[in-house]
Amino acid sequence: METDILKTDRRSFLGDSLLGAGGLLLAWQINPARLTAKPLRPVQPENAAMISVGRAYLDQTPNEANVARLRQLLNLAAEVSALTLPAPEKERLAVRQSEDFRTGLTVLVQGWVLSRTEARLYALAALQAEAGAAVGHA
Amino acid sequence: MIIDFRTVTQDTVIATDICIVGAGAAGIAIARELLGSGVKVCLIEGGGLEYDPEVELLNDAENVGEFTLHLEYNRARFLGGTTNLWGGSCAPLDAADFEERPWIPDSGWPIGRTDLEPYFGRARPYFQLSDYSFDPQDCTREVPELARLRLPVQGGDITEKIVLRSPRVGFGQVYRPDLAAENTNLTVMLHANGMRLETDEAGKTVHSLRIGSLDGRRASIQARIFILAGGIENARLLLLSDQPNPAGLGNEYDNVGRYFCDHLNMTSGRVLIQGATDFVRFYDIEGLYDHTNPTHEPVIVGLQPTPEAQRREGIGNYLCFISETYEGEDSAGFLALRRIIGRIKRWRNPTDFTHDFATVAGDFADAVKGAYGYFVNEAPLRLYKLHHFSEQVPNRDSRIMLADTVDALGLRRMRVAWNLTPQDKHTVVHAQWLVAREFGRLGLGRVEIEMAGDDDPWPASLHQSSHYMGTTRMSGDPRKGVVDANCRVHGMTNLYVAGGSVFPTGGGGMVTFNIVALAIRLADHLRAELA
């Protein structure tokens, strides 16, 4: 039953297409009660990973450590969170990732070859999460 | 029949039509092809029927190059030669490997893939290969499982190359009945080492080969034709034969021993793949070594840059295999991610993130795996290692010479200078980038590159493939090679060379299979010449 609740929450949070690493990550035994008890949306494992990769990208590309600039580079509206992209935006960026790889617009982050688009999306996620965490802590 | 040279009378002169020096893949293939031909063939082998550590000491060589070539234990001096050790991988050279590639100096064979094509077919039975095609499209039809498990990499910069697995046919064991048969035109003489070729005064025709054994026995073989089939020893024997030319036979243009090359072999980087969990059965280099499992498919698929991509990037040929699941779920990085999640959920002190982010960065694959999971669907994501197999481009300064010290036969040992060029590293670096970009473009996954730039150091895992090539390279121009298109030494009337040493470039093929194809071709040529 807990698993069902979690799946429902994931659908609303990430959309139907985001169960890729879900099977593995369910093993993390995230408590669903905690997921619904917090005022802000819960952070899923994928999000934590995005934040980690995004932080690494920002460390090597500090001139992009700016939410507004990253939104502009990604052509994302101000109200959109990198951690909760609407499905159409996600599809658009997925296509853009593929195009990045085709045209060689790639970046090496900690040895991994990523598209510039995904690296920037993760960077935006990192900045947003860090800002949110700071506000929450205050 | 098989005889032991140590039972032959001292200083005997043995007369034959064709003398083959070295009973490895090339020598045994030529001898078998000439069975029943009506010409007397004498095949000599420095070792015996089995491994003998005293004999193997003759393999010792000096290393003076950038990298160490371990010749002492990656060769075998007994009947069958290095087929007693090999891994069983079989794949023909690509058509593009034979062509002159302007971006690779000294590339180009005087023959093409079409010249060898019929001999590939005749080589297959030597390796007990299945009937599967070397063409990935055909192979998909022949092996229905492959269609399901195949990665969809067609149409871009990366293509597939089929490698068929031989059950590690040891030529010395499998073909011993043929070699040992009585009343044939073939004599195999064990414990007979080639020591020096002796020629006429002009140095154009070899009239005899001086041979010796470790117990001090010496003799000579006189023949109409001599074939050197001793792998890396071919160049050494030419250099040891320093009369009348002190530089050695066939060495008018100082090419003997030069251009030594191998296939560069290394495990480096990882790949995160979304796909069938068992796809790796066809891409896993480890399958090449699993000869104990009869259910394993006899097909391995390597990924390689297309000829067009090789040209555009200015690189040599390259193959990449995917191997071994990396189970990182219990790693420090994974556990750190769990802590980050917990803290974000509870909005605890963000400064605590620093250590865990650093930990994740230290095991960054987990983070990439998780982040990529944001975009993928239901197929599982798994991490694998990448195994690289890369062509070493021709380099005059990578070479075999004679050392000042001597071996137990009193012959000058081999001195090896195995040297790579910047283009060798460029090949591995840029081929990896091509693979990484294709994986990204096609949505197959993400690739980690350990050696990402031409200035990065070689991975510590870099090692030899023991494909000893180039030192008697084939060329239509005597100034640029040692043997001609028929494997005859330039400037010599009756001296031929067989084996990997005649390869001017190693390309993307597996060497033994191509050696045997060339050997069969040479046998046909000699049959015609002697008819």
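The number of heavy atoms from other shown groups lying within 6.0 Å of CG (A:Asn63) is above 12.
Note that the CZ atom of A:Arg102 and the CG atom of B:Leu442 stand 12.0 Å from one another [nearest 0.5 Å].
Contact detail for B:Leu383 and A:Trp112: the closest heavy-atom pair is CD2-CH2, 3.4 Å.
Among residue pairs with one or both ends in residues 438-450 of chain B, those qualifying as side chain to side chain donor-acceptor pair (under 3.5 Å) are A:Gln97-B:Arg446, A:Glu118-B:Arg446, B:Ser268-B:Glu450, B:Arg270-B:Glu448, B:Glu438-B:Arg441; sequence neighbours excluded. Sorted by first and then second residue, the ring-ring contact (aromatic ring centres under 6.0 Å, His included) pairs with a member in residues 47-79 of chain A form an empty list; sequence neighbours excluded.
Contact residues of residues 302-315 of chain B toward chain A are absent (heavy-atom distance under 4.5 Å).
The residue among A:Gly104, A:Ala125, A:Ser115 with the most heavy atom pairs within less than 4.5 Å of chain B is A:Gly104.
In this structure, A:Asn66 has no side chain to side chain donor-acceptor pair (under 3.5 Å) partners at least two apart in sequence or on a different chain.
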